[in-house]
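Step one of this worksheet: look at the structure below.
Bear in mind the structure is a predicted one, so any value in this text is a computation, not a measurement. Note that ligands are numbered from 1 as they come in the structure, with each ligand's atoms numbered from 1 the same way.
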Amino acid sequence: MGNVTAIYFSPTGGTKQYVRAVARGLGKAYGEVDLTDKETRAQEHTFAPDDLVVIGVPVYYGRVPQLPDGLLRGLRGNHTPAVLVAVYGNREFDDALLELSGLCEKQGFYGAAAAAFVAQHTFSAKIAGGRPDADDLLIAEEFGRNIKALPAEKAGREIRLPGNRPYRSFQVAPFTPKGDKKCTACGACARACPAGAIAPETPRETDAKKCIRCLACVHVCPVHARRVGGPVYGMLVKKLEKELTKTEKEARLFLP
Ligand SMILES: Cc1cc2nc3c(=O)[nH]c(=O)nc-3n(C[C@H](O)[C@H](O)[C@H](O)COP(=O)(O)O)c2cc1C
């Protein structure tokens, strides 16, 4: 095995934790590419056939987050194996792994293994709150170890992923986070926004056309000045909490 790289888009940190745990399980020192960062996304990252990447995204509306600049556009695989990771907030991952697999193929990777893991829902700490916990991360690490231990005749075989084509239609929620009077204009939100939807000069505002509703800005604000308000969001959160707090889902692992 050549170099191992942990690649993730993770506005509120759940996906990052899982991708790192899988990479740890592969048992080698690994590099990182954080696609949450706009500049990192714009750079080229090239991988060799004997390298191995772990690529993780959160699930948005049963899909891969849609960024206008193309989430994986800077990644260049050369028939490089990829461990595909989708992290979701206890509803479902629907077509996300299948879509991630298609996007990775276009960039020169092939899916060597895949997993869907549960993390706290971006919109409510009551949904899968505190996950990934220590047990979740042990499972992800063990998954990495199992990939490493795959016998040569199995490694490289196609994996079968759930999901449908055409993929579910991607929705855009009718709310955006905004800053209130507590905002000190420190600029942390503008730097953290993966979509460039917050101008550093006017950090209380959000460009609704660019915003992907990931809440990275809410997560990073040191004085808790940013939040989503309004009745539509309140109703959505209540509905999600009612539907998604009865049982907690477990990891789904796909090996050849
Ligand atoms: C816009 C948006 C849409 C989401 N859609 C889904 C979904 O369809 N299914 C689900 O289970 N969780 C959904 N979630 C929850 C996230 O997938 C989950 O919280 C994930 O852990 C966030 O990853 P991160 O912590 O790396 O940012 C959604 C979150 C956001 C912000």
[X]/[Y] ion pair, N-O < 4.0 Å:
X: Arg20; Y: Glu32; answer: yes
X: Lys182; Y: Asp180; answer: yes
X: Glu248; Y: Arg131; answer: yes
X: Glu241; Y: Lys238; answer: no
X: Asp69; Y: Arg73; answer: yes
X: Arg168; Y: Asp95; answer: no

Exercise. Are Asp34 and Thr36 linked by a side-chain donor-acceptor pair shorter than 3.5 Å?
Worked result: yes

Problem set entry | Pair Thr176-Lys178, side-chain donor/acceptor within less than 3.5 Å | yes

Exercise. Going from CD1 on Ile7 to CZ on Phe47, what distance comes out if it is rounded to the nearest 0.5 angstrom?
Worked result: 4.0 Å

N or O contact, [X] vs ligand 1, cut-off under 3.5 Å:
X: Asp94; value: no
X: Tyr88; value: no
X: Lys16; value: no
X: Gly89; value: yes

For this session: Could you see which bit of Leu244 sits under 4.0 Å from ligand 1, with heavy atoms only: side chain, backbone, both or neither?
Result: neither

Problem set entry | Heavy-atom pair of closest approach, residues Leu71 and Leu35 | O-CD1, 3.8 Å

For ligand 1, which atoms sit closer than 4.0 Å to a heavy atom of [X]?
X: Gly62; value: 7 (C), 8 (O)
X: Gln120; value: 18 (C), 19 (O), 21 (O)
X: Ser10; value: 24 (P), 26 (O), 27 (O)
X: Gly14; value: 24 (P), 25 (O), 26 (O)

Exercise. Has Phe123 got any heavy atom lying under 4.0 angstrom from an atom of ligand 1?
Worked result: yes

Which residue holds the protein heavy atom closest to [atom], what is that atom called, and what is the gap in Å?
atom: atom 1 (C) of ligand 1; result: Tyr61 OH, 3.5 Å
atom: atom 20 (C) of ligand 1; result: Val87 O, 3.8 Å
atom: atom 28 (C) of ligand 1; result: Val59 O, 3.3 Å
atom: atom 2 (C) of ligand 1; result: Tyr60 CD1, 3.5 Å
atom: atom 29 (C) of ligand 1; result: Thr122 OG1, 3.4 Å
atom: atom 23 (O) of ligand 1; result: Pro58 CB, 3.2 Å
atom: atom 21 (O) of ligand 1; result: Ala119 CB, 3.3 Å
atom: atom 31 (C) of ligand 1; result: Arg213 O, 3.1 Å

Problem set entry | Exceeds 12 heavy-atom contacts within 6.0 angstrom, atom CD of Gln43 | yes

